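Step one of this worksheet: look at the structure below.
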2 protein chains.
Amino acid sequence: MTSTQELTKNQSLVFNALARADGPLSAYTILDQLRGDGFRAPLQVYRALDKLLDYGMIHRLESINAFVACSHPHSHNHSHGMIAFAICEKCGQVSEFSDDVITGRVREWTNSNGFKQSKTTIEIRGLCATCGAA
Amino acid sequence: MTSTQELTKNQSLVFNALARADGPLSAYTILDQLRGDGFRAPLQVYRALDKLLDYGMIHRLESINAFVACSHPHSHNHSHGMIAFAICEKCGQVSEFSDDVITGRVREWTNSNGFKQSKTTIEIRGLCATCGAA
DNA sequence: TTTCGATATGTGATGTTATTACATTAGTCA
DNA sequence: TGACTAATGTAATAACATCACATATCGAAA
């Protein structure tokens, strides 16, 4: 579980599909892209995605049921903070950022309410600078 | 579109189902609960849910594909801010809160990146005080 | 009142996303 | 080897959501 994770064949195929995409992909889109590599069933994709999520190499975008390669693969700068995603509803581009103030405020709320958080998602839907200018 | 919204029959049925539940419900759970009231198809539920979301009377929890009645029905105190949800993965209870600092930080990011946000979701998964103590 | 348009509803079929269950294969290590 | 764990293959099914088309309801304009 170091920063350079040893991936199995299926995990590599799925990760590469996400890494070369310029935006999020659904599990079934990935499946279709990998049929030429021998993929035949959704579970082959979902199992690889689960592992890649574990390893922190990809993210799941809950609000659009899709997955993206992590855009900060070589640094664990914000590994302790929550990651926020800005998702353009027109072009599909996703920007990833983390903010210590937001992370701190959420933690304050959970601490003072006795809530043990395991995972937090922040997803901003809207139009990116390019699409919003049109 | 005032604070007391005039609801149609189906909208009332769906809203009441959510209001009397002590936690989030999936669309299909609502459908099953309303079969006795003549509901037969998912679309009857989804159409009502869409309207109730428009009216701000309910929220959609993206991370668990479920819906909850808004817990601040009579005040628009935080109507301009983002709402965060803390969802207990054991008992299903959902707590709703808003935080001006978080709202402000998100707006700072979107402003400085030219992103026009339309909807933002913040969902904290974990264990509530009761379940976490066990 | 009649006609029109907008909104709401009913229903079946279909599309999309995710998991269950079970069998098999491959690698690790005592 | 034997036993254990992780990964894989496959079919079936479950869970979530929308499309397409027909019908109904209601208010405003002619």
Side-chain angles (χ1 to χ4, degrees), chain A residues 1-2 5-18 21 23-55 57-68 87 89 92 94 119 121 123 125, chain B residues 1-2 5-18 21 23-55 57-68 87 89 92 94 119 121 123 125:
Chain A
M1 57 161 280
T2 64
Q5 178 63 39
E6 207 64 35
L7 297 182
T8 67
K9 181 175 163 242
N10 284 2
Q11 289 160 15
S12 297
L13 287 166
V14 169
F15 180 73
N16 289 336
L18 284 171
L25 299 178
S26 77
Y28 279 76
T29 301
I30 296 170
L31 174 58
D32 286 340
Q33 289 190 7
L34 297 180
R35 293 214 185 263
D37 297 288
F39 273 50
R40 323 224 20 204
L43 207 47
Q44 295 174 291
V45 177
Y46 281 109
R47 286 202 273 229
L49 289 171
D50 283 346
K51 285 297 181 185
L52 295 169
L53 286 168
D54 277 353
Y55 301 153
M57 300 177 67
I58 66 171
H59 301 290
R60 177 193 179 90
L61 302 176
E62 313 270 10
S63 67
I64 58 172
N65 295 318
F67 303 83
V68 279
I87 305 167
E89 307 199 276
V94 174
K119 197 197 173 210
T121 69
E123 299 183 14
R125 310 285 300 274
Chain B
M1 54 164 281
T2 63
Q5 179 62 40
E6 207 64 36
L7 297 181
T8 68
K9 180 174 164 245
N10 284 3
Q11 289 159 16
S12 297
L13 287 166
V14 169
F15 180 73
N16 289 337
L18 284 171
L25 299 179
S26 76
Y28 278 73
T29 301
I30 296 170
L31 174 58
D32 286 339
Q33 290 191 7
L34 297 181
R35 295 216 185 260
D37 297 288
F39 273 50
R40 319 217 33 193
L43 208 47
Q44 295 174 292
V45 177
Y46 282 109
R47 286 201 273 229
L49 289 171
D50 283 345
K51 285 296 180 186
L52 296 169
L53 287 168
D54 277 352
Y55 301 153
M57 299 176 68
I58 66 172
H59 302 291
R60 178 194 179 91
L61 302 176
E62 313 271 10
S63 66
I64 58 172
N65 295 319
F67 303 84
V68 279
I87 305 166
E89 308 200 276
V94 175
K119 196 198 173 209
T121 69
E123 297 182 15
R125 310 284 300 273

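Throughout, protein chains are lettered first and strands after them, A, B, ... in sequence-line order, and every chain is numbered starting at 1. Just so it is clear, the structure is predicted and the values come from calculations on it, not from any experiment.
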Problem set entry | Between P of dG9(D) and CZ of Arg35(A), the distance in whole Å | 13 Å
Exercise. Could you give the CG-to-P distance, from Leu25(B) to dA15(D), as a whole number of Å?
Worked result: 15 Å
Problem set entry | Phosphate OP1/OP2 of dT8(D): any Gln44(A) side-chain N/O under 4.0 Å | no
Problem set entry | Pairwise distance CD(Gln11(A)) to CG(Asp50(A)) - rounded to 0.5 angstrom | 10.0 Å
Exercise. Going from CZ on Arg60(B) to OG1 on Thr121(B), what distance comes out if it is rounded to the nearest 0.5 angstrom?
Worked result: 10.5 Å
Seminar exercise, completed: Of Arg47(B) and Asn10(A), the one whose nearest nucleotide on DNA chain D sits closer to the 5' end is Asn10(A)
Exercise. Which sits closer to the 5' end of DNA chain D, Tyr28(A) or Thr29(B), going by the nucleotide each is nearest to?
Worked result: Tyr28(A)
Seminar exercise, completed: When rounded to whole Å, the CG to C1' distance for the pair Leu43(B) and dC21(D) reads 12 Å
For this session: For the pair Glu123(B) and Arg125(B), find out whether any cationic side-chain nitrogen is under 4.0 Å from an anionic carboxylate oxygen.
Result: no
For this session: Enter the distance from Gln33(A):CD to Leu25(A):CG here, rounded to the nearest 0.5 Å.
Result: 5.5 Å
Exercise. Rounded to the nearest Å, what distance is computed from the CD atom of residue Glu62(B) to the C1' atom of nucleotide dC16(D)?
Worked result: 13 Å
Problem set entry | Value in whole Å for how far the C1' atom of dA17(D) lies from CG of Leu31(B) | 12 Å
Problem set entry | 5' to 3' contact window, DNA chain C with chain A (heavy-atom distance under 4.0 Å) | dT17(C) to dA21(C)
Exercise. To the nearest 0.5 Å, what is the distance between CG (Leu43(A)) and CG (Leu31(A))?
Worked result: 10.5 Å
Exercise. If you pin Gly38(B) and Lys51(B) to their nearest nucleotides in DNA chain C, which one's is more 5'?
Worked result: Lys51(B)
Problem set entry | Whole angstrom value for the distance that separates P of dC16(D) from CG of Asp32(B) | 11 Å
Exercise. Base, sugar-phosphate, or nothing: which does Arg40(A) touch, judged by heavy atoms less than 4.0 Å apart?
Worked result: sugar-phosphate
Seminar exercise, completed: Between the CD1 atom in Ile30(A) and the CG atom in Leu13(A), the distance rounded to the nearest 0.5 Å is 11.0 Å
Exercise. If you round to the nearest 0.5 Å, how far is CZ of Phe67(B) from CG of Leu49(B)?
Worked result: 4.5 Å
Problem set entry | Nearest to side-chain heavy atoms of Thr8(A), which nucleotide of dA7(D), dC16(D), dC19(D) | dA7(D)
For this session: Would you kindly give the CG-to-C1' distance between Leu49(B) and dT18(D), to the nearest whole Å?
Result: 14 Å
Exercise. What integer distance in Å separates Asp50(B):CG from dA17(D):P?
Worked result: 10 Å
